Amino acid sequence: ALADAPGAGRLTSLSLRNNDLDEKAAAALAASPYLAGLERLDLRENRFGRVGAAALRKRFGGRVVLPAP
């Protein structure tokens, strides 16, 4: 839901650490048109895998903190 919320466009930092996010959630965050302004996105301690991590890294680059492999 957050990825589809226009109000999320005002966010500069977001921590979703330890929220049990899966591949579907990772894909939604990576595709969100509203999260372009994020300077930091903390997604440590979630359960998405390589595919989700790659999509997030492609979209957010060094602005995203991902779970340890």
Side-chain angles (χ1 to χ4, degrees):
L2 177 66
D4 292 329
R10 295 187 297 271
L11 296 173
T12 58
S13 180
L14 179 60
S15 177
L16 295 173
R17 186 175 182 170
N18 198 25
N19 274 277
D20 202 30
L21 301 178
D22 59 12
E23 291 288 339
K24 185 176 177 181
L29 291 169
S32 174
Y34 305 112
L35 299 177
L38 285 179
E39 296 170 11
R40 178 172 167 80
L41 175 59
D42 186 348
L43 295 171
R44 290 176 285 176
E45 300 174 35
N46 281 288
R47 61 185 178 102
F48 52 84
R50 290 184 193 178
V51 173
L56 290 160
R57 179 70 68 204
K58 181 177 180 181
R59 169 72 190 279
F60 297 105
R63 300 176 293 158
V64 64
V65 182
L66 297 170

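This is a predicted model, so every value here is computed, not measured.
Here Ala3 pairs with Ala28, Leu29, Ser32 under the side chain to side chain contact (heavy atoms under 4.5 Å, CB included) rule; sequence neighbours left out.
In the hydrophobic cluster analysis, where Ile, Leu, Val, Met, Phe, Trp and Tyr join through side-chain heavy atoms closer than 4.5 angstrom, Phe60 is grouped apart from Tyr34.
Pairing each heavy atom of Leu56 with each of Ala30, the nearest pair is CD2-N, 3.9 Å. The heavy-atom pair separating Phe48 from Ala53 by the smallest distance is CD1-N, 3.8 Å. Taking every heavy atom of both residues into account, Val64 and Gly61 meet most closely at CG1-O, 3.2 Å. Closest approach of Ala8 to Leu35, counting heavy atoms only: CB-CD2, 3.7 Å.
Proximity of a side-chain donor or acceptor of Asn46 to a complementary backbone N or O of Asp20 within less than 3.5 Å is detected. Side-chain atoms of Asp22 come within 3.5 Å of backbone atoms of Lys24 as a donor-acceptor pair (strictly under, hydrogens ignored).
The existence of a salt bridge linking Arg44 and Asp42 is confirmed by a sub-4.0 Å separation between a basic side-chain nitrogen and an acidic carboxylate oxygen.
Sorted by first then second residue, the side-chain hydrogen bond (donor to acceptor under 3.5 Å, both in side chains) pairs that include residues 9-18, not counting sequence neighbours, are Arg17-Glu45.
Leu41 has its side chain out of reach of Arg63: every pair of non-hydrogen atoms, C-beta onward, lies at least 4.5 Å apart.
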